[in-house]
Amino acid sequence: TNPEMAFRGHMALLINADTGSNGEFFSEAVKFHKMARVFGMRTWGGSVGIEPHQDLVDGGAVTPPQFGLYGANGQWLIEGHGVDPDVRVENMPADVLKGKDPQLEAAVSYLLNRLKADPMAAPAHPPYPDKARPRGSDQTK
């Protein structure tokens with residue numbers, strides 16, 4: 001198929017309170033375009049972009065927040081609130097210490113159920129076209 005490397009399967013996205021900045025932009029875009037179901041906890045809500053403006057004598061820089069992200073509806077996105085998951089799943093510290101990841105488990109369970117309902121098999125290979133020259137069409141003399 002073409003494009004040959006395009007992924008055509010079902011997707012799930014994991015987010016949590018440590019997801020910020022471009023991770024939030026990405027998460028919001030995935031939700032907006034309905035590309036995947038989003039699992040986890042609300043992101044941290046710090047998406048206003050910064051740029052260095054003033055160098056400091058110690059080698060640091062001042063980076064004031066100065067540009068935010070707004071949506072197609074004309075409303076400010078993300079900043080101060082974050083991106084809400086479609087399915088709220090919290091990883092509790094005790095579970096994590098035991099090697100469990102409820103967010104990942106919920107996402108995998110969702111994907112397995114989606115695959116049962118809609119396997120999304122690759123399309124069948126079409127028959128090869130007959131590109132042979134018609135009899136008598138040889139132009140050589």
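Values below: every heavy atom of this structure, side chains too, minus hydrogens, waters and symmetry copies. Throughout, residue positions are numbered sequentially from 1 according to the sequence presented.
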For residues E24 and T43, is any side-chain donor paired with an opposing acceptor at under 3.5 Å? yes
Provide the full list of ring pair (Phe, Tyr, Trp, His ring centres under 6.0 Å) pairs with a residue in residues 35-62, sequence neighbours left out, each pair given once. F39-Y110
Tell me the closest heavy-atom pair linking M11 and A36, and the distance in Å. O-CB, 3.4 Å
Go through the steps for I78 and E28 under the test side chain to side chain contact (heavy atoms under 4.5 Å, CB included), then give the verdict. CA-CA 8 Å; I78 303 167; E28 184 66 30; 3.9 Å; yes
Please report the interatomic distance CG(L97) to CE(M92), rounded to the nearest 0.5 Å. 11.5 Å
Heavy-atom distance under 4.5 Å between the side chains of R37 and V87, does that happen here? yes
How close do G68 and W76 get, heavy atom to heavy atom, and via which atoms? C-CZ3, 3.8 Å
Are L13 and M35 co-members of a hydrophobic cluster defined by side-chain heavy atoms under 4.5 Å apart? yes
Please report the shortest heavy-atom distance between S27 and G23, naming the atom on each side. OG-O, 2.7 Å
Does any N or O in the side chain of Q54 come within less than 3.5 Å of the main-chain N or O of V62, such that one atom is a donor and the other an acceptor? no
What closest approach, in Å, do P65 and V48 show between heavy atoms, and which atom pair accounts for it? CB-CG1, 3.5 Å
Please answer: with hydrophobic residues joined when any side-chain heavy atoms are less than 4.5 Å apart, are F7 and V108 in the same cluster? no
Do V30 and F25 sit in the same hydrophobic cluster, where Ile, Leu, Val, Met, Phe, Trp and Tyr count as joined when their side-chain heavy atoms come under 4.5 Å apart? yes
Can you find a pair of side-chain heavy atoms, one from D101 and one from V96, that are under 4.5 Å apart? no
Is any side-chain heavy atom of I50 closer than 4.5 Å to a side-chain heavy atom of Q66? no
Where is the tightest heavy-atom contact between K116 and P119, given as atom of each residue plus distance? O-CD, 4.3 Å
Donor-acceptor contact present, side-chain N91 to main-chain Q103, <3.5 Å: yes
Can you tell me if H10 uses its side chain to pair, donor with acceptor, with the backbone of N113 under 3.5 Å? no
Side chain to side chain contact (heavy atoms under 4.5 Å, CB included) assessment of D86 paired with K31: CA-CA 8 Å; D86 297 316; K31 282 188 67 169; 3.6 Å; yes
Interatomic distance, L69 atom CG to Q75 atom CD [nearest 0.5 angstrom]: 12.5 Å
Is the shortest heavy-atom distance from the side chain of V89 to the side chain of M41 under 4.5 Å? no
When hydrophobic residues are tied together by side-chain contacts of less than 4.5 Å, even through go-betweens, does V38 share a cluster with L112? no
Look only at the side chain of T19 and the backbone of I15, and say whether a donor-acceptor pair between them is shorter than 3.5 Å. no
Side-chain (R42) to main-chain (H81) donor-acceptor, under 3.5 angstrom: yes
Taking all heavy atoms of Y70 and all of L77, pick out the closest pair and write down the distance. C-CD1, 3.8 Å
What is the distance from atom OG of S47 to atom CZ of F67, rounded to the nearest 0.5 Å? 10.5 Å
